[in-house]
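Convention: sequence-line order gives letters A, B, ...; per-chain numbering from 1.
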Protein chains: 2
Amino acid sequence: MKIGELAAKTGVATRLLRYYEEVGILHPFRSPNGYRAYGEPAIDRVLQIRELLEAGLTTDMIREVLPCLEAAKEEAVTDCPAAADLDGLRQQLSGIERRIDVLQRNRDAIKRYLRAWEEAGPTVD
Amino acid sequence: MKIGELAAKTGVATRLLRYYEEVGILHPFRSPNGYRAYGEPAIDRVLQIRELLEAGLTTDMIREVLPCLEAAKEEAVTDCPAAADLDGLRQQLSGIERRIDVLQRNRDAIKRYLRAWEEAGPTVD
DNA sequence: CTAAACGTTGCCATTAATGTGAAGGTCAAG
DNA sequence: CTTGACCTTCACATTAATGGCAACGTTTAG
């Protein structure tokens with residue numbers, strides 16, 4: 001499919017689809033006329049990219065983890081696209097785990113706060 | 001304490017301490033000479049800010065949750081600094097929860113991938 | 001008193017992610 | 001063949017977080 005179609009199906013601006021290619025996290029083919037050509041899997045890939053960006057990852061991090069996230073969907077790890085960098089992957093993993101920890105701790109604090117507030121002042125009106 | 005001291009104790013550049021003030025997440029007093037003056041609690045606050053920034057939150061989000069995170073440390077919620085915006089707080093909370101979900105899902109996928117890879121190719125060498 | 005060290009404000013630079021528009025090529029419909 | 005919709009690249013603009021410098025005031029040590 002062409003870029004406009006992918007944009008429509010994912011809700012992501014064509015500008016960004018080109019940007020994701022530029023930073024190496026999306027790899028369309030090219031039609032003979034020079035148009036970008038995307039396969040069906042590109043849809044999921046773009047949605048995955050958006051999800052990760054919205055969760056606060058950078059395109060650099062995404063470039064490292066994305067190949068493995070897609071491979072993880074297959075039954076067996078036949079080939080290792082990130083074979084080059086299992087170590088970088090482990091680092092990304094621990095970075096993500098740190099983030100989760102921080103977010104969980106703070107989520108809990110906010111919840112405690114809200115709960116206390118709801119108990120103390122149900123006279124919110 | 002003065003800005004340089006706080007910078008030394010937190011490892012955060014003075015430039016950033018001024019920036020955090022500019023965006024409203026740090027509120028030093030002023031000494032008669034115009035110097036910023038920070039109390040002891042500023043140390044924790046700055047570290048907290050760094051933690052949240054590194055976890056991918058923006059200063060906008062931090063501005064909303066920080067008062068409550070500090071209040072949550074007290075025994076009781078005497079006064080509500082964010083009384084104005086319990087609703088914004090709930091939104092931040094659900095945003096954070098979404099992030100945690102995304103990160104957990106992807107952390108799990110990466111772990112699966114790494115585990116599979118380690119089982120398949122212990123001949124890493 | 002003077003120099004060094006530190007503070008102030010202000011402004012300009014950078015990187016990442018994103019928006020926007022110009023100038024021109026391609027293609028399908030009339 | 002022309003028009004309109006879509007594509008291409010190029011380039012400049014913006015926002016957030018950060019770095020750096022300049023010009024100038026303050027404080028401290030010699």
Participant: When you measure from the side-chain N and O atoms of B:Tyr19 to the phosphate of D:dT18, is any distance below 4.0 Å, counting only OP1 and OP2?
Facilitator: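 No, no such contact exists.
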Participant: To the side chain of B:Arg15, which of C:dA17, C:dC11, C:dC27 is closest?
Facilitator: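 Out of C:dA17, C:dC11, C:dC27, the nucleotide with an atom closest to B:Arg15's side chain is C:dC11.
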Participant: Which listed nucleotide (C:dC27, C:dA17, D:dT27) is nearest to the side chain of A:Asn33?
Facilitator: C:dC27
Participant: Using a cut-off of strictly less than 4.0 Å, decide whether A:Thr59 has a side-chain nitrogen or oxygen near OP1 or OP2 of C:dA17.
Facilitator: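 Looking at the OP1 and OP2 atoms of C:dA17, one of them is under 4.0 Å from a side-chain N or O of A:Thr59.
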Participant: Side chains of A:Arg50 and A:Tyr20: do they bring a donor and an acceptor to under 3.5 Å?
Facilitator: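 There is such a pair between these side chains.
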Participant: Strictly below 4.0 Å: does B:Arg30 bring a side-chain N or O up to OP1 or OP2 of C:dT9?
Facilitator: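 So the side chain of B:Arg30 is within the cut-off, an N or O lying under 4.0 Å from OP1 or OP2 of C:dT9.
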Participant: Counting distance alone, no hydrogens or angles: does the base of C:dG25 have a donor or acceptor under 3.5 Å from a partner atom on the side chain of A:Tyr35?
Facilitator: yes
Participant: Which heavy atom in B:Val46 sits nearest to a heavy atom in B:Leu6, and how many Å separate them?
Facilitator: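 It is CG2-CD2, 4.1 Å.
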Participant: Closest to the A:Arg18 side chain: D:dT8, C:dT18, D:dA17?
Facilitator: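 The listed nucleotide nearest to A:Arg18's side chain is D:dT8.
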Participant: Taking only the side-chain heavy atoms of A:Leu16 (C-beta and beyond), determine which of C:dT18, C:dT26, D:dT26 contains the nearest atom.
Facilitator: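 The answer is C:dT18, which lies nearest to the side chain.
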Participant: Which pair of non-hydrogen atoms, one from B:Leu86 and one from A:Leu114, has the smallest distance, and what is that distance?
Facilitator: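 So the minimum-distance heavy-atom pair works out to CD2-CD2, 3.9 Å.
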Participant: With respect to the side chain of B:Arg50, which nucleotide from D:dT8, D:dT18, C:dA17 is positioned closest?
Facilitator: D:dT18
Participant: Report yes if a donor N or O on one partner sits less than 3.5 Å from an acceptor N or O on the other, where the partners are the side chain of B:Arg36 and the base of C:dG7; otherwise report no.
Facilitator: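 Answer no: no donor N or O sits under 3.5 Å from an acceptor.
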Participant: Just the rounded figure in Å: distance from C1' of C:dT18 to CG of A:Leu17.
Facilitator: 12 Å
